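Since the structure comes first, as structure tokens, the remarks are kept for the end.
The first residue of the sequence shown is numbered 1, and numbering continues consecutively from there. Keep in mind it's a predicted model, so treat the numbers as computed, not measured.
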Amino acid sequence: MKPQEKAAGTKEKILTRVLPLFLVNNYESITIGLMEDATRLTRGTIYRYFNNKEDIFKQALFRYYDSQQNVLFAMDPDRYILTEYWKLKIQQLESAYLYLREYGILVDMLAISHYIEVQGMRIIPTFRDLIVSHKHRNLKFWSLVLRNTPDITLNTKKISYQRAGQIYHGLFMQLCSNYPNVKLTLPNISFS
């Protein structure tokens, strides 16, 4: 193994193992000792790859928030129709659930995502931009999916694709906060 590959693997291991700490603890309460325990590496090794705790937090946070392990991650609609996109979002939900359970995190996924948003904005003010970007993209993507779905016709005087997209996004968020104790079938909503 080349030194660069080993270094990338070690950095990856650190980020992977400390992320669950940040998902359920206040930033201030996480110590280098906790990170050493989680990674099974020494502080010297950890700080060889990161400048400080804020650097680790920032990289772990952006990586989590911009991945499908976060139920608020905006998935590209890529010309999917509503039933296909719903299945993809359910897969995202199930993946996020399994990821958190792997680390013994038993809080609902929407609460975790909101918690990490608050922590992120408090420590890294520019993190708000990523959050807003995902919120806008989520609403836009649901609207695009509805436009791609041939059997969805809207009475645009009463409801727009944007508003209908907000409704489906809200339904998905409701599933996220109640998963796994919910039906995952696509709700049949009439907009006419």
Side-chain angles (χ1 to χ4, degrees), residues 15 19-20 22-24 27 57-101 105-192:
L15 289 173
L19 177 60
F22 289 119
L23 292 178
V24 294
Y27 172 81
F57 176 69
K58 182 178 182 179
Q59 289 188 45
L61 175 71
F62 278 98
R63 174 192 232 220
Y64 168 77
Y65 202 81
D66 228 6
S67 75
Q68 289 196 30
Q69 294 160 336
N70 170 18
V71 292
L72 300 178
F73 175 72
M75 291 178 60
D76 192 346
D78 205 26
R79 301 220 180 266
Y80 291 112
I81 62 172
L82 182 59
T83 52
E84 296 167 338
Y85 194 67
W86 185 262
K87 286 178 186 173
L88 287 174
K89 293 299 280 184
I90 297 304
Q91 288 171 358
Q92 177 187 14
L93 175 59
E94 291 169 340
S95 172
Y97 177 81
L98 293 173
Y99 170 76
L100 293 174
R101 292 308 177 264
I105 301 172
L106 305 175
V107 178
D108 81 63
M109 290 151 302
L110 196 53
I112 289 288
S113 294
H114 287 306
Y115 177 75
I116 202 68
E117 284 180 352
V118 170
Q119 289 290 317
M121 287 187 296
R122 199 167 55 76
I123 307 303
I124 307 160
T126 59
F127 186 62
R128 179 183 302 276
D129 297 338
L130 182 62
I131 295 168
V132 170
S133 168
H134 274 291
K135 287 182 181 184
H136 288 302
R137 280 188 288 158
N138 265 313
L139 296 176
K140 177 184 172 188
F141 289 172
W142 280 105
S143 300
L144 289 171
V145 164
L146 290 172
R147 287 181 190 272
N148 293 340
T149 306
D151 54 343
I152 298 278
T153 51
L154 301 181
N155 180 342
T156 54
K157 291 181 181 175
K158 291 185 179 180
I159 189 165
S160 66
Y161 282 103
Q162 181 179 6
R163 182 68 184 121
Q166 289 172 335
I167 292 168
Y168 273 103
H169 178 65
L171 291 168
F172 177 71
M173 293 292 98
Q174 182 67 31
L175 280 180
C176 292
S177 65
N178 294 311
Y179 186 80
N181 303 317
V182 289
K183 286 189 196 174
L184 299 177
T185 54
L186 179 64
N188 187 9
I189 298 174
S190 172
F191 293 108
S192 51

Do [X] and [Y] have side chains that approach each other closer than 4.5 Å (heavy atoms only, starting at C-beta)?
| X | Y | answer |
| --- | --- | --- |
| Phe22 | Leu61 | no |
| Met75 | Tyr85 | yes |
| Asp108 | Ile112 | no |
| Pro20 | Tyr99 | yes |
| Asp151 | Thr149 | yes |
| Leu23 | Tyr64 | yes |
| Ile167 | Ile159 | yes |
| Tyr161 | Trp142 | no |

I'd like to check the side-chain hydrogen bond (donor to acceptor under 3.5 Å, both in side chains) partners of [X]; sequence neighbours left out, ordered by chain and number.
| X | result |
| --- | --- |
| Tyr65 | Glu117 |
| Gln59 | Lys11, Asp55 |
| Gln166 | Arg163 |
| Arg122 | Glu28, Gln119 |

[X] [atom1] to [Y] [atom2] distance, which is reported to the nearest 0.5 Å:
| X | Y | atom1 | atom2 | result |
| --- | --- | --- | --- | --- |
| Ile152 | Leu146 | CD1 | CG | 5.5 Å |
| Leu82 | Asn148 | CG | CG | 10.0 Å |
| Leu171 | Leu186 | CG | CG | 9.0 Å |

Parallel, tilted or perpendicular: ring planes of Trp86 versus Tyr168, cut at 30 and 60 degrees |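 The rings of Trp86 and Tyr168 stand perpendicular, inter-plane angle above 60°.
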So which pairs with a foot in residues 80-101 pass salt bridge (Lys or Arg N to Asp or Glu O under 4.0 Å), sequence neighbours left out?
->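 Listed once each, the pairs would be none.
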Summary of salt bridge (Lys or Arg N to Asp or Glu O under 4.0 Å) pairs that have at least one residue in residues 133-149, sequence neighbours excluded =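 Residue pairs passing salt bridge (Lys or Arg N to Asp or Glu O under 4.0 Å), neighbours aside: none found.
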Contacts of type side-chain contact (heavy atoms from CB on, under 4.5 Å), residue [X], not counting sequence neighbours:
| X | answer |
| --- | --- |
| Pro180 | Tyr97 |
| Met173 | Leu72, Leu110, His169, Cys176 |
| Gln174 | Ser177, Asn178 |

Considering residues at least two apart in sequence or located in another chain, which fulfil the ring-ring contact (aromatic ring centres under 6.0 Å, His included) criterion with Phe141?
->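 By the ring-ring contact (aromatic ring centres under 6.0 Å, His included) rule, Phe141 matches no residue at all.
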What closest approach, in Å, do Gln68 and Ala96 show between heavy atoms, and which atom pair accounts for it?
->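 Smallest interatomic distance, heavy atoms only, reads O-CB, 4.2 Å.
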Whether Ser133 side chain and Asp129 backbone form a donor-acceptor pair below 3.5 Å =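 Flag not set: sc Ser133 to bb Asp129 has no pair under 3.5 Å.
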Between Asn138 and His134, is there a donor-acceptor pair closer than 3.5 Å when you use the side chain of the first and the backbone of the second?
->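 It does hold such a pair.
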After noting the C-alpha distance and the side-chain angles of Ile81 and Val145, does the key distance pass the side chain to side chain contact (heavy atoms under 4.5 Å, CB included) rule?
-> CA-CA 5 Å; Ile81 62 172; Val145 164; 5.8 Å; no
Do any pairs count as a side chain to side chain donor-acceptor pair (under 3.5 Å) and have a residue in residues 70-80, sequence neighbours left out, and if so which ones?
->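 Residue pairs passing side chain to side chain donor-acceptor pair (under 3.5 Å), neighbours aside: Asn70-Ser113.
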What do the steps show when you test Leu93 against Phe172 for side chain to side chain contact (heavy atoms under 4.5 Å, CB included), and what is the final call?
-> CA-CA 9 Å; Leu93 175 59; Phe172 177 71; 4.2 Å; yes
Test Ile131 against Met121 for side chain to side chain contact (heavy atoms under 4.5 Å, CB included), laying out the working first.
-> CA-CA 9 Å; Ile131 295 168; Met121 287 187 296; 3.7 Å; yes
Name all residues meeting the salt bridge (Lys or Arg N to Asp or Glu O under 4.0 Å) criterion together with Arg63; count only those two or more places apart in sequence or in a different chain, and write none if there are none.
->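 With sequence neighbours excluded, Arg63 shows a salt bridge (Lys or Arg N to Asp or Glu O under 4.0 Å) to Glu12, given in chain and number order.
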